[in-house]
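Notes follow once the structure below has been shown.
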There are 2 protein chains.
Amino acid sequence: MQDDENARTGNQVQGAASFSKFMTVLQSIADAPRGLDIGQLTKSVPFPRGTVYRLVAALVAEQLVVHHREDGTYRLGPRLLQLAAKTWESSDLRTVAREFLVSLRDATDEVVHLAVPSSNRMVYIDKIEGSNTVQMKTSIGGQVELHSTSVGKAWLSGLSDDRLNEVLGQLTLRRHTEKTYTDPDRLRKELIKSRERGYAFDDEENEPDIRCVGSPIFDRSGEPVGAISVSMPVYRHDPERHAKIASLVFKTAKDITAKLAVII
Amino acid sequence: MQDDENARTGNQVQGAASFSKFMTVLQSIADAPRGLDIGQLTKSVPFPRGTVYRLVAALVAEQLVVHHREDGTYRLGPRLLQLAAKTWESSDLRTVAREFLVSLRDATDEVVHLAVPSSNRMVYIDKIEGSNTVQMKTSIGGQVELHSTSVGKAWLSGLSDDRLNEVLGQLTLRRHTEKTYTDPDRLRKELIKSRERGYAFDDEENEPDIRCVGSPIFDRSGEPVGAISVSMPVYRHDPERHAKIASLVFKTAKDITAKLAVII
DNA sequence: GGCACTATGTCCACAATATAGACATCGCCT
DNA sequence: AGGCGATGTCTATATTGTGGACATAGTGCC
């Protein structure tokens with residue numbers, strides 16, 4: 001349980017103080033779409049300049065970061081991309097889920113997502129697009145909040161009551177749209193409803209004009225390990241379609257859970 | 001040049017000794033297809049057990065690594081995807097391109113690559129394998145040079161004359177094989193020919209026995225943002241196949257460019 | 001069933017490491 | 001010129017990480 005605790009609190013493993021600093025710098029660089037130069041970097045992390053120089057030099061030496069000669073910026077390097085690619089390729093959940101997700105996409109012709117929990121967020125680990133051109137601007141590796149998305153709510157709805165309360169206690173229910181649940185008790189009720197019917201519904205709670213239906217995926221021990229969702233713009237969503245898609249999503253998640261139990 | 005030196009020698013940045021240990025552990029985990037448990041891990045890295053425990057705990061705390069309860073193995077975690085997301089997805093180029101690349105692979109049954117430019121190199125951001133066992137040893141995240149590869153030459157051929165000259169001026173035309181272009185003027189002529197016919201050809205210029213055909217992908221403003229290629233061993237390459245594949249590659253790149261214009 | 005051996009996990013005194021302030025240098029604006 | 005901010009480097013000091021040693025659980029052998 002100690003691992004979980006550390007993960008949640010932003011970590012405080014004994015003997016990892018410096019490593020956490022390296023990660024802070026790496027995250028800063030990762031978050032800058034166009035890279036950062038030393039000046040910006042020293043401003044964006046809370047360490048003295050001398051330290052930042054050393055941290056960056058180490059990251060460069062490990063090829064996690066590359067230094068662009070042209071404009072002096074630091075960006076993510078090939079080593080990190082390699083590691084990320086491996087993560088993606090070797091994820092059992094993703095591999096198992098893929099064929100089901102493709103079927104789900106074919107049946108709905110909408111964007112299908114697969115996400116896993118990480119630090120009180122959901123991280124997308126796969127995405128299959130529909131044929132429609134109007135689409136969401138999510139991407140693999142992108143992260144979204146638990147309380148305002150169908151994958152997040154689906155995952156939450158799969159937790160035991162104790163764990164749910166524990167996690168809810170740590171969340172900040174930030175408002176994204178008018179419809180976002182910002183009251184813990186109302187959210188809890190919504191989640192319990194989701195648990196009962198087997199799917200969570202995001203009714204423009206994260207982004208205006210986007211509705212999503214999501215269901216949790218469980219490992220053999222019954223812990224929710226991820227969630228899938230189908231997303232669509234409001235104008236393609238109506239009661240009939242909702243019912244059809246919700247039942248497809250629920251069934252697909254169940255199938256993935258079953259397949260997972262056999263394989264792992 | 002000092003950076004390069006460090007990278008090659010396994011690194012020796014002052015004040016990064018512990019970080020390098022973290023990376024060693026991370027790489028070990030990354031290299032194990034099915035993950036490693038503590039026992040295997042302590043054997044595969046040259047650190048005392050106490051230290052390994054701490055290193056792993058820190059990696060888990062940062063979510064670079066996850067601990068599977070069921071079998072006790074450690075595997076790469078979602079944080080890596082999160083970090084690489086912005087770079088890796090490259091404005092959804094990868095997502096958009098994927099289905100086209102799969103079709104291209106199906107049509108050719110050869111390895112298909114998608115690469116984007118980065119620091120005067122091309123970095124592979126996707127790879128789809130053919131069914132043949134003889135394949136290239138490239139990997140996602142790997143980088144190759146501009147002047148000796150079809151993706152590199154394809155990207156270069158998509159540049160305006162001014163930009164092309166600018167970039168060519170910065171390149172060192174390192175020789176990889178007998179056939180590598182090492183003379184800037186001859187390379188420039190080859191690139192202009194490539195631009196006219198819509199695809200670049202790597203005729204064993206990067207690796208002996210490997211030939212590749214590549215075409216650039218453009219964003220809406222006409223800037224080349226990446227390139228795709230089909231690679232094959234010499235013995236599977238003949239004039240007929242060349243013509244067929246070249247036209248497929250060209251058409252696929254055009255399709256991706258078109259789709260990109262609609263979405264972005 | 002008992003014993004030996006190996007694997008697993010934790011602790012802490014010490015040594016190696018990272019830190020952050022101070023110094024040196026450069027370039028830009030007034 | 002001269003002042004100011006940004007950039008890069010150095011090093012004494014304190015914090016951090018280290019790894020051997022201990023405690024415990026698990027496994028195989030006789």
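Numbered from 1 within each chain, the chains take letters A, B, ... in sequence-line order. Remember, predicted model here, so these are calculated numbers, not experimental data.
- The interatomic distance linking B:Phe19 (CZ) with C:dA18 (P) rounds to 11 Å, in whole Å.
- When rounded to the nearest whole Å, the span between CG of B:Leu55 and C1' of C:dT10 equals 15 Å.
- Residues B:His176 and B:Glu145 bring a donor and an acceptor atom of their side chains to less than 3.5 Å of each other.
- Listed nucleotides C:dA20, C:dT17, D:dT16 differ in distance to A:Thr51; the shortest reach to its side chain belongs to C:dA20.
- Residue pairs meeting the side chain to side chain donor-acceptor pair (under 3.5 Å) criterion with at least one partner in residues 31-50 of chain B, sequence neighbours excluded, are A:Lys86-B:Asp31, A:Asp92-B:Arg34, B:Gln27-B:Asp31.
- The interatomic distance linking B:Phe47 (CZ) with D:dG20 (P) rounds to 13 Å, in whole Å.
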Below 3.5 Å between N/O atoms, which protein atoms pair up with nucleotides 3-9 of chain D? Just atom names and distances, please.
| unit_1 | atom_1 | unit_2 | atom_2 | d |
| --- | --- | --- | --- | --- |
| D:dT7 | O4 | A:Arg49 | NH2 | 3.4 |
| D:dG8 | OP2 | A:Tyr53 | OH | 3.0 |
| D:dG8 | N7 | A:Arg49 | NH2 | 2.4 |
| D:dG8 | O6 | A:Arg49 | NH2 | 3.0 |

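- In this structure, the ring of A:Phe250 has its center no less than 6.0 angstrom from the ring center of A:Tyr199.
- Under the 3.5 Å distance criterion, with hydrogens and angles disregarded, no donor-acceptor pair is assigned to the side chains of B:Gln63 and B:Arg79.
- In this entry the distance linking CZ of A:Phe22 with P of D:dT16 reads 14 Å, nearest Å.
- Between B:Ser18 and C:dT17 there is no side-chain N or O to OP1 or OP2 distance below 4.0 Å.
- Residues meeting the side-chain contact (heavy atoms from CB on, under 4.5 Å) test with A:Ser229, sequence neighbours left out: A:His113, A:Ser150, A:Val151, A:Ser231.
- Neither side chain, A:Ser160 nor A:Asp162, offers a donor N or O lying under 3.5 Å from an acceptor on the other.
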